[in-house]
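Step one of this worksheet: look at the structure below.
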Amino acid sequence: MTDERFGHHPVLLDAVVDVLVRRPGAGPVVAGRFLDGTVGGGGHAEAVLEASGPGAFLVGIDRDPEALAAASARLARFGEAARLVRGAMADMAALAGDLGPFDGILLDLGVSSWQLDQARRGFSFLRDGPLDMRMDPDQPLDAAGFLDAVDLDTLTRVLREYGEEPRARRIARAILDGRPWRSTAALAACVARASGYRGGRTHPATRTFQAIRMAVNDELGQLDRALRAALDLLRPGGRLAVLTFHSIEDRAVKRFFREAAAIGTPRDAYGHPVEPPRVRRVLRRPLSGAVLEPEHPRSRSARLRAVERLSP
């Protein structure tokens, strides 16, 4: 199932529907209420509504108006059963209003193929374009503005923490020395020269572009706030599923789920968690896109984690 308009093939589609709707061994959710915090082109949302059947309802949230336009076209046949709202996943509680609680919530943290392929969006160096990288095109700060204002220590930290770039300092210094930056191709060439990498499987600027994009869009801050909001919006027995695409965000989700499940948390004298668990893990290990969908290029780095909310 592919959304040609938005250029988006939903990653791990069957696994997401199994976790949120079909729920093998626990009984399917019929006429459920769902929230997709990063609806994108609407591929996962469409499959969830189809699997849940008549009476199902879904709220879809996205920062990108072009994504919402594509999702609106794709979900039009569901009428009032699909309600789309522009905004950030971190603000889902306010955006969903009184439409919850929900039986299932999905967060797909990937950048869509369509966004990457649009040179004017500035996410990729494969096609030269303006240095933008904003998920929300109305957001004041873009990547060019971020690089204009950032200092050496901050940029070094961003490249290390968000890009896991071992040569962060030298790359950061070269970027600052070459300011101002307005072109994705020019910035990528600077990073390639400064890094000294030769003959790798990925372009030398891959980690740097990821790090800058994450900083510009506050992706880890958004993720942390969204995870906390999602648990509060789930009904007891409701499930939260998260698709991650790199180790930084996957570690953040894993850590949050472990804490919410009271795994590895302090215990009292009787061995009980000091803070009772709020969730149980649905998947003991994350499902891997590389294993389940090896033919799908965007699935190779994907991981699906899921938890179920316990009764208060």
Side-chain angles (χ1 to χ4, degrees), residues 6-9 11 38 40-41 63-64 66-67 108-152 154-220 222 244-250 289 296-302:
F6 201 62
H8 175 57
H9 180 105
V11 170
T38 49
R63 289 193 274 184
D64 188 336
E66 294 179 344
D108 177 351
L109 305 183
V111 181
S112 76
S113 301
W114 184 89
Q115 288 169 320
L116 291 173
D117 290 343
Q118 297 295 309
R120 60 185 172 80
R121 299 298 297 270
F123 286 107
S124 173
F125 44 78
L126 297 179
R127 294 176 176 84
D128 190 23
L131 198 58
D132 193 319
M133 300 193 190
R134 292 173 295 177
M135 298 290 189
D136 178 353
D138 293 332
Q139 173 185 304
L141 182 67
D142 62 8
F146 170 76
L147 293 179
D148 283 345
V150 73
D151 60 67
L152 178 61
T154 300
L155 184 56
T156 300
R157 178 183 58 78
V158 164
L159 299 186
R160 281 186 182 142
E161 294 183 7
Y162 297 166
E164 298 182 311
E165 173 53 68
R167 300 178 182 179
R169 191 80 174 181
R170 63 195 282 186
I171 293 172
R173 185 176 287 110
I175 290 173
L176 267 57
D177 288 346
R179 290 190 294 196
W181 296 102
R182 299 294 180 264
S183 157
T184 57
L187 178 62
C190 167
V191 173
R193 288 192 301 270
S195 70
Y197 295 128
R198 298 289 185 274
R201 290 187 299 174
T202 59
H203 191 284
T206 300
R207 289 188 290 263
T208 294
F209 268 61
Q210 172 183 296
I212 294 171
R213 187 203 77 220
M214 291 179 67
V216 167
N217 294 287
D218 184 30
E219 292 183 25
L220 288 185
Q222 284 279 326
T244 66
F245 290 84
H246 57 73
S247 59
I248 301 164
E249 62 192 13
D250 187 60
H296 185 358
R298 289 197 67 247
S299 289
R300 290 172 190 161
S301 60

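From a predicted model like this one, the values you see are computed outputs, not experimental measurements.
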Subject >> Beyond-backbone contact of R121 with P137, side-chain heavy atoms, under 4.5 angstrom >> reply: yes
**OP:** State which residues pass side-chain contact (heavy atoms from CB on, under 4.5 Å) with P140; sequence neighbours excluded, sorted by chain then number.
**Re:** none
Original post:
Looking only at heavy atoms, which two atoms of A168 and T156 are closest? And how far apart?
Top reply: CB-O, 3.6 Å
Original post:
From E165 CD over to Y197 OH, what is the distance, rounded to the nearest 0.5 angstrom?
Top reply: 3.5 Å
**OP:** Would you please name every residue forming a side chain to side chain donor-acceptor pair (under 3.5 Å) with Q222, sequence neighbours left out?
**Re:** none
Original post:
How long is the span from the CZ atom in R170 to the CG atom in L159, to the nearest 0.5 Å?
Top reply: 13.0 Å
Subject >> Partner set under side-chain contact (heavy atoms from CB on, under 4.5 Å) for A143, not counting sequence neighbours >> reply: L131, M133, I212, V216
Original post:
In chain order, what residues pass the side-chain contact (heavy atoms from CB on, under 4.5 Å) check against A302, with sequence neighbours excluded?
Top reply: V11, L12, F245
Original post:
Rounded to the nearest 0.5 Å, what separation is found between the CZ atom of R173 and the CG atom of L155?
Top reply: 11.0 Å
Original post:
Given the rule in the side-chain contact (heavy atoms from CB on, under 4.5 Å) test, do R169 and L152 qualify, once you have shown the distances and angles that lead to the verdict?
Top reply: CA-CA 8 Å; R169 191 80 174 181; L152 178 61; 3.5 Å; yes
Original post:
Judged by atom type as modelled, is there a donor-acceptor pair below 3.5 Å linking the side chain of T184 to the main-chain atoms of P130?
Top reply: no
Original post:
Which atoms form the tightest heavy-atom contact between A192 and H203, and what is the distance?
Top reply: CB-CE1, 4.3 Å
Subject >> ring-ring contact (aromatic ring centres under 6.0 Å, His included) involving F209 - partner list, sequence neighbours excluded >> reply: F125
Original post:
Minimum heavy-atom separation for I248 to G163, with atom names?
Top reply: CD1-N, 4.0 Å
Original post:
Taking all atoms of both residues into account, what is the closest heavy-atom pair of V158 and F146, and its distance?
Top reply: CG2-CZ, 4.2 Å
Subject >> Test item: R213 and F123 side chains (from C-beta on) under 4.5 Å apart, heavy atoms >> reply: yes
**OP:** Look up atom CG in N217 and atom CE in M135, then write down how far apart they are to the nearest 0.5 Å.
**Re:** 5.0 Å
Original post:
Just by distance, do the side chain of W181 and the backbone of I175 share a donor-acceptor pair under 3.5 Å?
Top reply: yes
Original post:
Salt-bridged, E164 to R207, with N to O below 4.0 Å?
Top reply: no
Subject >> Stepwise side-chain hydrogen bond (donor to acceptor under 3.5 Å, both in side chains) check, D250 with S247 >> reply: CA-CA 5 Å; D250 187 60; S247 59; over 6 Å; no
**OP:** Measure the spacing between OG1 of T206 and NE2 of H246 and express it to the nearest 0.5 Å.
**Re:** 12.5 Å
Subject >> Residues forming a side chain to side chain donor-acceptor pair (under 3.5 Å) with Q139, sequence neighbours excluded >> reply: none
Subject >> salt bridge (charged side-chain N to carboxylate O under 4.0 Å, His left out) partner of R182, the single match among D132, D128, D142, D148 >> reply: D148
**OP:** Starting at CG of L109, measure out to CG of L220 and round the result to the nearest 0.5 Å.
**Re:** 9.5 Å
**OP:** Please report the closest heavy-atom contact between V150 and L176, naming both atoms and the distance.
**Re:** O-CD2, 4.0 Å
Original post:
A174 and C190: which non-hydrogen atoms are nearest, and at how many Å?
Top reply: O-SG, 3.8 Å
